[in-house]
Structures are given as C-alpha cells and as structure tokens.
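What follows is a single structure, written as structure tokens, with notes after it.
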Amino acid sequence: MTQCGKFITFEGIDGAGKSTHIGFVAEFLASRGKTVVSSREPGGTPLGEKLRDLLLHEKMHLETEALLMFASRREHIAQVIAPALERGDWVLSDRFTDASFAYQSGGRGLDRAKMEALEQWVHPTLQPDLTLLFDVPLAVARQRLDATRTLDKFEREQADFFEKCRNEYLRRAAEHPERIVVVDSTQTIEAIQLRLAEVLEKLL
Ligand code: TYD
C-alpha cells in the first residue's frame with residue numbers, strides 16, 4: 001500500500017473523554033486544509049456496525065470477542081482506512097488495536113501472544129502515525145460515565161477490570177513511544193486542546 005495520508009487513533013478507558021476531543025482534532029485538521037475521515041471501532045463499516053451491536057450487547061467467549069473485534073477491524077481497514085490513506089486523506093479512528101490489547105488482553109486476560117498474532121495477521125505493516133491515549137484515574141472515568149449515559153456491556157465492568165485496561169494501555173504507550181502520546185485527561189478541555197494542537201502541529 002502506498003500510504004500518503006495520516007492515520008490517527010484515539011484511545012482510553014471508557015469515560016476518559018476521548019469522544020470530546022475527536023471533533024476538535026477533526027476541525028483543527030480541516031482548518032489546515034486536510035480531508036478528514038472520522039470513523040470508529042468496533043464498527044466503521046455496515047458489517048462492522050452489526051458486529052459492534054453484537055460485541056457491545058451479547059455475552060460471548062473471550063476469544064470470540066477478540067476474533068470479532070479483529071473481523072470488524074479487517075473490514076474497516078479494507079473498506080475505509082486503506083483507501084482513505086491511499087487518497088491522501090487523514091483518518092481519525094475512535095479506537096483501534098491498542099483497545100484490543102487493553103480490553104481483551106489487559107482487562108479480560110487473553111494471552112497477549114494471541115493478540116500479537118492477530119495484529120500480525122490483520123495489519124502486519126499498518127500502524128497509526130499517532131495514537132492519542134486519554135488517560136485518567138479510574139474514579140474520574142467512573143464519575144463521568146455514571147453522569148452521562150446508559151452503560152453497555154463493557155462499561156458495566158468493575159473497577160479492577162478498568163484498572164487492568166488502563167495499565168495495559170500505559171504499557172503499550174511505554175512500548176511504542178514513537179507513536180503513542182499520553183494525554184493527561186484530568187486537565188481542563190482547554191488545556192487538553194492546547195496540548196493536542198501542539199502534538200498535531202508536529203505531524204503536519
Ligand atoms: P466506545 O469506543 O467507548 O464507544 P462509546 O463512546 O459509544 O461507548 O465503545 C466501544 C467499547 O468497545 C469500549 O468499551 C471498548 C470496547 N472495545 C474492546 O473491548 N476492544 C476493541 O478492540 C475495541 C475497538 C473496543
């Protein structure tokens with residue numbers, strides 16, 4: 001694949017506030033003349049959205065869950081991400097493979113070697129150019145979730161599940177400092193946006 005555009009992913013435990021900032025990043029890039037494609041995982045394609053509905057609401061074996069996440073991702077890459085990057089567009093994805101490491105391996109305990117095998121299979125060469133990891137202590141995330149929504153299957157998990165997800169995210173960030181930027185999401189929205197602008201400036 002000849003890649004000309006840039007691929008940015010947004011990560012963090014539920015309630016870390018990433019959704020608030022995706023719109024800001026999209027507008028920031030559009031104001032710099034970039035064509036932006038915003039998408040999400042699981043989902044991002046008609047088939048992926050059907051898988052999302054199953055993943056967020058049905059009980060299933062942990063390995064089934066991991067495989068469906070990657071099935072949705074495979075379709076997302078084929079239908080949306082790869083063509084957009086080839087056109088030279090900027091792709092913003094609300095979650096990608098780091099979320100599978102965080103939730104299925106960190107949170108639920110799926111053997112990390114299996115996750116690495118899936119990553120190698122589904123996107124052996126593609127990695128985000130930038131991953132923004134919105135990081136907050138558990139208590140803050142919980143408060144935000146309870147205040148704003150009806151909880152899905154993942155969001156109903158207990159605190160120790162999210163602690164393990166968060167730790168796995170931070171481990172991935174330490175392992176891939178070349179692309180993962182940890183954003184302290186306890187700051188005000190304005191302070192976070194200043195930081196995001198600074199990080200994006202370097203990619204432009
Ligand atoms: P989320 O991105 O938080 O969307 P919303 O803001 O609409 O709730 O929801 C997606 C959920 O799916 C989230 O709880 C994390 C989970 N997830 C995984 O467990 N593994 C994955 O690989 C991905 C992409 C998401």
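Order of appearance sets the numbers: ligands from 1, and atoms from 1 within every ligand.
The single protein non-hydrogen atom nearest to atom 18 (C) of ligand 1 is Met69 CE, 3.2 Å, given as residue, atom name and distance. Among all non-hydrogen protein atoms, the one lying nearest atom 22 (O) of ligand 1 is Ser100 OG, 2.5 Å. Closest protein heavy atom to atom 1 (P) of ligand 1: Arg95 NE, 3.5 Å.
A distance of 8.5 Å separates CG of Leu151 from OG1 of Thr148, quoted to the nearest 0.5 Å. The structure places CG of Leu55 at 4.5 Å from CE of Met69, a figure rounded to the nearest 0.5 Å.
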Throw together a table of side-chain donor-acceptor distances under 3.5 angstrom for residues 39-50, partners on residues two or more places apart or in other chains.
from: Ser39; atom 1: OG; to: His76; atom 2: NE2; distance (Å): 2.7
from: Arg40; atom 1: NE; to: Glu49; atom 2: OE2; distance (Å): 3.2
from: Arg40; atom 1: NH2; to: Glu49; atom 2: OE1; distance (Å): 2.7
from: Glu41; atom 1: OE1; to: Arg73; atom 2: NE; distance (Å): 2.6
from: Glu41; atom 1: OE1; to: Arg73; atom 2: NH2; distance (Å): 2.9
from: Glu41; atom 1: OE2; to: His76; atom 2: ND1; distance (Å): 2.8
from: Thr45; atom 1: OG1; to: Gly48; atom 2: N; distance (Å): 2.8
from: Glu49; atom 1: OE2; to: Gly44; atom 2: N; distance (Å): 3.0

Using atom types as modelled, flag every donor-acceptor pair under 3.5 Å from a side chain in residues 18-31 to any protein atom, sequence neighbours excluded.
from: Lys18; atom 1: NZ; to: Asp94; atom 2: OD1; distance (Å): 2.6
from: Thr20; atom 1: OG1; to: Gly17; atom 2: O; distance (Å): 3.4
from: Ser31; atom 1: OG; to: Phe28; atom 2: O; distance (Å): 2.7

Show your reasoning for whether salt bridge (Lys or Arg N to Asp or Glu O under 4.0 Å) applies to Arg179 and Asp98.
CA-CA 12 Å; Arg179 71 170 170 90; Asp98 295 313; 2.9 Å; yes
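With respect to Asp14 and Lys153, no salt bridge is recorded, no charged nitrogen being found less than 4.0 Å from a carboxylate O.
Residue Pro42 has at least one heavy-atom neighbour below 4.0 Å for each of these atoms of ligand 1: 12 (O), 23 (C), 24 (C), 25 (C). Residue contact check: Asp14 has heavy atoms under 4.0 Å from atoms 3 (O), 13 (C), 14 (O) of ligand 1. If you number the atoms of ligand 1 from 1 as listed, the ones under 4.0 Å from a heavy atom of Glu155 come out as 8 (O). Within ligand 1, counting atoms from 1 as listed, the ones closer than 4.0 Å to a heavy atom of Glu41 are 24 (C). For ligand 1, the atoms sitting less than 4.0 Å from at least one non-hydrogen atom of Arg73 are 22 (O), 24 (C), numbered in the order shown with element in parentheses. Applying the 4.0 Å criterion to heavy atoms of Ala99 picks out, from ligand 1, the atoms 20 (N), 21 (C), 22 (O), 23 (C), 24 (C).
Side-chain contact between Glu63 and Arg108 is absent, with no heavy atoms from C-beta onward closer than 4.5 Å.
Taking every heavy atom of both residues into account, Val91 and Ala84 meet most closely at CG2-CB, 3.5 Å.
Ligand 1 lies less than 4.0 angstrom from a heavy atom belonging to Lys18.
The closest heavy-atom contact to atom 7 (O) of ligand 1, among the options Arg40, Glu65, Arg149, Arg52, comes from Arg52.
Of the N or O atoms in Gln104, one or more lie within a sub-3.5 Å distance of an N or O in ligand 1.
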